[in-house]
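Remember, predicted model here, so these are calculated numbers, not experimental data. All chains are named by letter (A, B, ...) in the order of the sequence lines, taking the proteins before the strands, and each is independently numbered beginning at 1. For the numbers below, each heavy atom of this structure counts, side chains included, while hydrogens, waters and symmetry mates do not.
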Amino acid sequence: MIETGHRPAAPPGAKRVLIVEDVLLIALEMQRRLLEAGYEVVGPAARAADALRLVHEQRPDCALLDVDLNGELVTEVIDELRRLRVPLFLTTGYGLDRLPEHYRDVPCFLKPIEVQELTRTLEQMFQARNAAAESPEPQPLPNDGNDA
Amino acid sequence: MAKRTQREAAPHDERRAPDPPDAARSSCTHRSAADPAKPAPSDSNATESSAANAAARPGRHDSASLQPRDDAGLHSDAALLLRSMQIPTLLVDRELRLRDFTPSAAQLFRVLNSDIGRPIADISGRIDLIAVQPDIREVLDAGQPRESHLRSLDGDDWSLVRALPYRLNQDAGPVDAVVLTFTDVSELQRALEHMRACSERFTIALRHAPIALAALDRDLRYAWVYDPQLGLWPETLLGHTEAELARPALSGELDAAMQWAMRSGQGLRRELTFEARDRCTCDITIDPFYREGRFAGLTCVAVDRTEHKRAAEHQRMLMAELNHRVKNTLATVLSISAQTLPDARSVEDFRASFERRLHAMARLHDLLSRGQWARTRLLDVAEAALRPYAAARGQNVQISGPDLALRSRAALALGMVIHELATNAAKYGALSAADGHVRLAWSIEGAGAHSSLHIEWKERGGPVCNPPSTDGFGTLFIRNSVPYELGGAVDLNWHPEGLECQMRIPWREAREWPQVEAVP
């Protein structure tokens, strides 16, 4: 977490979202908007190594990953989140064609990210997962990037 | 027959010498041999030389005569035939003297009957007969015909000069004389020269073009190759098929394409990558060709596309990079606007801060693009950030440090940090006072992998410095940018005498990157 000086406290039981983004200003803005929307923020992390450490230490409920971390692809983090079945979204300026084929079905937000679309998507995803968890009948998981 | 001969011969009467007596018929060769040093008759003494020629040409229609005579049946027919063929012909004896000539020889040489007996070296005309003399001697010695191409003396025309042995005994014996025939081959020669020039131009052009050519026969054996650059078709392939060569990673595909072109009778184009001098990608075009309706072979053209492919890949990468930067920049601008808003006391205040930050970014982007997004000088970055504040008063800003080149993300981050420091100094710090000044200095500390870039910002001479009650965007950015984006450390101190900021950045994170290489 980057100390911004004026951030609202996350409500108790808030979902924790990992932000992986190499540009400070973009990370700050995402953090601010997610806090405003009632999420707790894990990170942000600018490097894959920091992101992996946060994944293991803090077990986020969801992750937003910038595809390109200063020239380094974020695939290692995707692999680990998939292994742990943590839902994830990618963020990118230009699309996923630099990623290997089997990562390209991960849901993706194009930069600059429209915050309302992001928060609405997160909300729907968490609702669907809650519904699936509470339902006596096993239901297919929504497309959260883990089923590739 | 005789009548026609007479009429035909009439125009040549003026240069016809009186016929020699039949008794002298067999004396020709002996006479020539007996009188080798006979001086050439001069043109001005035509009557005298005619008389001399008459004496010198005994019985020539029996032995070595080319001119139609109106007094003899069979020989006149043969001579007329010669004349009708319109082939300029000279008869030259063993002493290289003119013994006779056909009327059409006058097209090429200034010859009169009176010239008979003169050395051919003295006969002028459009062709230099001296140049023919070696051939004549060779024919006289060896008894075999010779041919040569001679350019006319005026340079316009070419003649095929045939030197043929002339024997009195038809099949054997010494060569008594040499028949020279002159055939105009100017057209042929010009066509040949044109072809030669074309071929030469073609060869020169190809030598500098990334192109290789090959021709295969009907059995798909290499019959001809031209490959000065690519290394696809060396001459060692000649006589072999691609299948029997079995070149790894090449023959299979190439042979399949050749077989297909042969079977289908259609041309085809393939892209082929192979290991030659360098890894090489070619566009190969294969076309069948036919002789008299039957498959006769293949022609193959290979054009090196390696550079083109690399350039296309490089361009694709640059476009992706540009897109990435544009989108990141837009996201950053949105973020700056959102982060600037909470600090603003009014719309005007917001607009001023926002615009200042955007202009600072724009100046940095100018620098980055000048360094092709690979290397940007720290000095330029510092000057770009401080220029708006240093311009008014000369000595209030001091910048010092070694000349260092930064990679783009380090240049962007440091540029924006220095901009925020300068803005803050202009609002509240040393640059807001008449006597205030700022010192920005940097150095590299340590060596090798663990060396770091140390940057120091020191304000003096401004109003008494107090830490702000709340951190605004500027302070937030100064504190976090270098640690977050460059893995460095920042120490921000509000000394009463002035603000101080120390930054330490791992040099490997900040230093320039090698130029972007387009490696496929």
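- Atom NZ of K15(A) has more than 12 neighbouring heavy atoms from other residues, nucleotides or ligands inside a 6.0 Å radius.
- Dense packing is recorded around CD of E72(A), with more than 12 heavy atoms of other residues, nucleotides or ligands lying under 6.0 Å away.
- Counting non-hydrogen atoms of other residues, nucleotides and ligands closer than 6.0 Å to NE2 of H450(B) gives a total of 12 or fewer.
- Around the CD atom of Q315(B), the shell of radius 6.0 Å holds no more than 12 heavy atoms that belong to other residues, nucleotides or ligands.
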Report task. Give the intermediate values and the outcome of side chain to side chain contact (heavy atoms under 4.5 Å, CB included) for residues V23(A) and L412(B). Result -> CA-CA 10 Å; V23(A) 178; L412(B) 265 179; over 6 Å; no
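- Among all heavy-atom pairs drawn from N70(A) and R407(B), the shortest one is ND2-NH1, 3.7 Å.
- Considering OG of S337(B) and CD of E29(A), their distance stands at 7.5 Å, rounded to 0.5 Å.
- Nearest heavy atom pair, residue R32(A) against residue A338(B), reads NH2-CB, 3.1 Å.
- One N or O on the side chain of E485(B) and one on the backbone of L24(A) form a donor-acceptor pair closer than 3.5 Å.
- Within the 4.5 angstrom heavy-atom criterion, atoms from both the backbone and the side chain of L330(B) approach chain A.
- Counting non-hydrogen atoms of neighbouring residues, nucleotides and ligands closer than 6.0 angstrom, the NE2 atom of H495(B) exceeds 12 such neighbours.
- The backbone N or O of K327(B) lies less than 3.5 Å from no partner atom in the side chain of K111(A), so there is not a single donor-acceptor pair.
- Using a 4.5 Å heavy-atom threshold, the side chains of L28(A) and L476(B) count as touching.
- The nearest pair of heavy atoms linking Y484(B) to E21(A) is OH-O, 2.5 Å.
- The candidate with the highest count of non-hydrogen atom pairs below 4.5 Å against chain A, out of V333(B), N323(B), N328(B), L322(B), is N328(B).
- Atom CD1 of residue I26(A) and atom CG of residue L334(B) lie 9.0 Å apart, to the nearest 0.5 angstrom.
- Here the straight-line distance linking atom CE of M416(B) with atom CG of L25(A) works out to 7.0 Å at 0.5 Å rounding.
- Counting non-hydrogen atoms of neighbouring residues, nucleotides and ligands closer than 6.0 angstrom, the CZ atom of R53(A) exceeds 12 such neighbours.
- When the shell of 6.0 Å around CD of E114(A) is examined, it contains 12 or fewer heavy atoms from other residues, nucleotides or ligands.
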